[in-house]
Amino acid sequence: MTGSQQKLRTVRVPDEFTSLFAKAEEVVSHYFHQRRDDPEQGTIEVFGERYLLVRAASLSVEFFSLVRELFGRDRREEADDFARNLLFDLAHAVGRSDALKFHQRMKLEDPIERLAAGPVHFSHTGWAFVDIKPESNPSPDENYYLLYDHPYSFEADAWVTSGQAAEFPVCIMNSGYSSGWCQESFGVQLVASEVLCRARGDSTCRFIMAHPDRIEVFLERYVADIPKLTHHDKHYKVPDFFSRKRMEDELRRARDELEQRVAQRTAELEHTNELLRQEIEARKKAEKMLLQTAKLEVIGRLAGGIAHDFNNLMGVVIGHTSLLETRYDKEAPLRSHITKIRHAAEEAAQLTQQLLTFSRAQLPDLEVLDLNQVINETATMLERLIGENVELTLALSADTGAVIADTGQLRQVIMNLVVNARDAMPQGGTLRIQTAAVQHDDGFPESHHGILNRQWCLLAVSDTGNGMTEETLQNAFEPFYTTKPLGSGTGLGLSTAHRIVTQFGGTIDVSSRLGEGTTFRIYLPQAKEQIARFEQVDQDRPMPGGVETILVVEDQPAVRQMVVEILGELGYTVLDAGDPEGALALAASTDSPIQLLLTDVVMPQMSGRALADRLLSNRPDLKVLFMSGYADDDVLRFGVVQGTAELMTKPFTSEVLAERVRQALDD
């Protein structure tokens with residue numbers, strides 16, 4: 001300790017502050033020497049101000065014990081939090097009040113002089129001795145930083161004397177009073193947190209004081225710089241200054257806002273009784289429609305399930321009859337009977353496709369289509385659909401090209417958009433259908449700019465109708481969303497169009513302005529000329545065969561036996577299993593190469609896709625051909641389309657099976 005430092009009796013500070021604090025000692029000592037005790041009147045006065053003497057332990061360890069008793073044994077942590085916040089808030093307020101009064105009485109203006117009076121005042125009133133560290137930077141802004149010790153804190157002494165173990169830093173009032181005094185001195189909000197505490201076994205009681213927004217940073221930095229103190233990082237507490245007052249204010253504001261909203265809503269309801277009645281009636285109608293939709297959904301699922309099973313049976317009939325046809329010449333008497341049976345089975349399969357369409361579980365019957373030709377063939381029907389007061393114009397570009405799509409579903413999309421346009425022009429107008437070939441960066445939606453070097457076919461349907469609001473635009477493709485009156489629309493037209501276009505590998509968007517009409521734009525991948533449907537196979541041409549080994553996995557025994565028989569007659573070595581687990585066991589038991597996995601997609605316990613992934617992990621050269629007649633979600637997630645080597649639609653003929661298997665092996 002330097003000579004200049006020894007001049008101070010009530011505080012310890014860095015050398016550069018010694019003169020200021022020496023002056024503070026003179027001022028505060030003069031203040032407290034003017035003390036008058038009058039027990040007969042029950043008063044203690046200092047410099048004309050009335051003071052109180054309070055037993056130290058009653059504001060510390062005994063106060064915590066009382067609060068714990070009030071809260072009960074099971075709420076000790078809650079009791080301690082309550083006691084800490086209450087003591088800190090009280091001490092902080094007292095510190096600010098004492099500082100304000102003292103500064104006025106002593107006519108202190110400089111922030112450092114005001115601060116200096118605080119620790120000296122602290123010592124004279126018996127709170128603690130203050131030792132301010134050189135690292136401190138008391139500045140009148142958010143960078144304020146004060147590192148200081150209270151070697152003889154009254155709160156720590158109370159806990160040590162009581163013999164009770166402290167689980168947290170106990171010098172709460174010291175923190176509150178000090179930060180309150182300094183806040184009043186510098187005019188910037190401050191809090192203090194105790195990082196070391198004698199009540200917890202530390203050598204001193206050490207505090208960090210800072211702005212509430214910065215104190216966490218200073219605390220973490222202090223602990224990180226002193227490794228032996230890192231275990232304290234879970235024990236120091238940052239006071240939530242006046243938390244209860246803020247909570248009460250927030251509750252009061254919330255109550256006032258609630259009362260205002262209730263009053264406003266009550267006033268609105270008093271003037272809208274008729275509207276409320278209409279709303280209730282509309283909801284009843286909507287619930288009725290929703291119930292009807294739910295019934296249709298249940299019926300659709302039932303129809304889809306029946307159609308799936310029926311599809312498998314027809315697949316067996318078609319497969320065996322097509323195999324029988326190859327064994328008889330065209331002139332053989334039995335050949336015509338077999339052909340008639342196959343044709344009847346194919347017609348039955350078409351009926352199942354209609355059921356699957358109703359249940360939304362059908363796989364699209366994809367083929368290469370001339371987009372312009374489909375529109376021209378549909379135009380006559382569209383003219384009857386839109387009526388005489390709407391003029392239909394076609395602007396079909398000659399270089400539009402072909403697309404891979406389902407004819408019926410593509411026409412359904414066009415009709416849905418046309419009906420939507422017609423309803424938007426109740427007084428008549430112009431309906432324009434346009435086609436063109438576009439590149440990825442030529443009028444294509446921004447969300448698809450990542451798809452490079454691909455040609456797209458544009459189909460645009462425009463009207464001169466009422467247009468859409470921003471809300472309608474955002475919800476146009478949402479199922480059941482409609483702006484039409486109840487009973488005039490289901491809200492499924494545009495959502496169905498969106499689902500179909502997406503299933504084709506394309507996208508659909510819409511642009512519109514109120515009073516200026518609407519344009520829907522559909523972008524479909526342009527088909528290469530060499531693509532053709534696999535199902536279009538010459539039945540009189542010899543079926544291709546091979547000598548490779550094929551693993552067939554199908555949970556329907558009749559379908560599996562039919563496939564195994566056809567492939568066996570074509571020369572292949574066939575291994576078959578009725579479920580994925582059996583297929584895995586079969587593949588694991590043979591060291592022979594398996595060139596192709598032919599598997600159903602939708603099976604119990606494990607999907608065909610999961611089975612393929614398991615087998616490919618050990619047999620990376622394995623080729624895979626899926627087969628399915630039901631568009632379960634697991635099928636659609638593949639991103640596979642009919643007409644490629646990945647998915648074969650049930651039911652299929654022996655010729656189609658032969659062609660697809662050979663193509664998968666040779667690809």
Side-chain angles (χ1 to χ4, degrees), residues 1 5 8 10-18 21 56 59-61 64 80 84 87-88 91-92 95 115-116 118-123 125-139 143-161 164-183 185-186 190-212 214-241:
M1 182 178 294
Q5 190 73 43
L8 300 177
T10 61
V11 67
R12 186 178 296 114
V13 299
D15 289 346
E16 61 266 27
F17 294 124
T18 299
F21 278 82
L59 292 178
S60 185
V61 60
F64 275 90
D80 289 347
R84 273 195 301 268
L87 290 177
F88 181 88
H92 192 279
L115 180 150
V120 180
H121 186 278
F122 220 47
S123 294
T125 53
W127 286 68
F129 181 87
V130 181
D131 181 359
I132 299 177
K133 301 302 179 182
E135 298 92 328
S136 300
N137 176 38
S139 59
N143 294 318
Y144 183 101
Y145 176 68
L146 200 67
L147 178 66
Y148 59 97
D149 289 353
H150 287 172
Y152 315 116
S153 164
F154 82 87
E155 291 168 292
D157 280 345
W159 283 78
V160 172
T161 302
Q164 293 192 38
E167 300 174 358
F168 51 85
V170 301
C171 301
I172 312 300
M173 297 196 75
N174 278 293
S175 300
Y177 191 95
S178 299
S179 57
W181 185 288
C182 292
Q183 177 172 323
S185 300
F186 280 82
L190 297 171
V191 294
S193 177
E194 188 177 14
V195 292
L196 300 176
C197 186
R198 287 191 302 116
R200 261 191 5 205
D202 297 320
S203 60
T204 188
C205 296
R206 181 160 296 171
F207 302 80
I208 288 178
M209 186 188 300
H211 189 276
R214 297 278 291 160
I215 190 166
E216 286 281 6
V217 175
F218 288 128
L219 286 168
E220 292 174 2
R221 187 182 302 167
Y222 177 82
V223 171
D225 289 343
I226 306 177
K228 68 179 182 178
L229 299 181
T230 55
H231 67 283
H232 286 293
D233 60 353
K234 295 182 180 179
H235 296 290
Y236 63 75
K237 300 286 185 181
V238 177
D240 187 7
F241 182 53

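Side chains are part of it too, since the values below use all heavy atoms of this structure and drop only hydrogens, waters and symmetry mates. In what follows, residues are counted from 1 in the order of the sequence shown.
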Which residues pass the side chain to side chain contact (heavy atoms under 4.5 Å, CB included) test with T161, not counting sequence neighbours? none

Could you list the residues that satisfy ring pair (Phe, Tyr, Trp, His ring centres under 6.0 Å) with F21, not counting sequence neighbours? none

Just to verify, what does A166 make a side chain to side chain contact (heavy atoms under 4.5 Å, CB included) with, not counting sequence neighbours? W159, V170, A199, R200

OG of S136 to CD1 of I208, rounded to nearest 0.5 Å, is 9.5 Å

E194-H150 side chain donor-acceptor pair, cut-off 3.5 Å: no

Rounded to the nearest 0.5 angstrom, the CG-CG distance for L190 and L146 is 9.0 Å

Please tell me if the side chains of S179 and F88 come closer than 4.5 Å, counting only heavy atoms from C-beta onward. yes

Measure the OG-OH distance between S123 and Y152 for me, rounded to the nearest 0.5 Å. 10.5 Å

Can you see which heavy atom on L8 is nearest to which on T18, and at what distance? CD2-O, 3.9 Å

Walk me through it: do F17 and I132 pass the test side chain to side chain contact (heavy atoms under 4.5 Å, CB included)? CA-CA 10 Å; F17 294 124; I132 299 177; 5.6 Å; no

Tell me whether the count of non-hydrogen atoms from other residues, nucleotides or ligands lying under 6.0 Å of CZ in F129 goes above 12. yes

For F218, which residues count as a ring pair (Phe, Tyr, Trp, His ring centres under 6.0 Å) partner, sequence neighbours excluded? Y145

List in chain and number order the residues that pass side chain to side chain contact (heavy atoms under 4.5 Å, CB included) with D157, two or more places apart in sequence or in another chain; answer none if no residue qualifies. R198

Would you please name every residue forming a side chain to side chain donor-acceptor pair (under 3.5 Å) with T10, sequence neighbours left out? E25

If I compare all heavy atoms of P134 with all of P14, which pair ends up nearest, and what's the gap? CA-CG, 3.6 Å

Quick one: pull up CG in L59 and CD1 in I172 and give me the separation to the nearest 0.5 Å. 12.5 Å

So how far is it from S193 OG to Y222 OH, rounded to the nearest 0.5 Å? 11.5 Å

Pairing residues for P212 by the side chain to side chain contact (heavy atoms under 4.5 Å, CB included) criterion, not counting sequence neighbours: Q189, V191

F168 and F64 aromatic centres sub-6.0 Å: yes

Sorted by chain and number, sequence neighbours left out, side chain to side chain donor-acceptor pair (under 3.5 Å) with S178 holds for none

If you compare all heavy atoms of S153 against all heavy atoms of A128, which two are closest, and at what distance to 0.1 Å? CA-CB, 3.8 Å

Got a sec, which residues hit salt bridge (Lys or Arg N to Asp or Glu O under 4.0 Å) with D149, two or more places apart in sequence or on another chain? K133, R206

Drop me the distance from D202's CG to L196's CG, to the nearest 0.5 angstrom. 4.5 Å

Closest heavy-atom contact between A56 and F154? CB-CD1, 3.4 Å

Among M209, R214, Q183, side chain to side chain contact (heavy atoms under 4.5 Å, CB included) partner for Y144: M209

Any donor and acceptor pair, going by atom type alone, linking the side chain of E155 with main-chain N or O of N174 inside 3.5 Å? yes

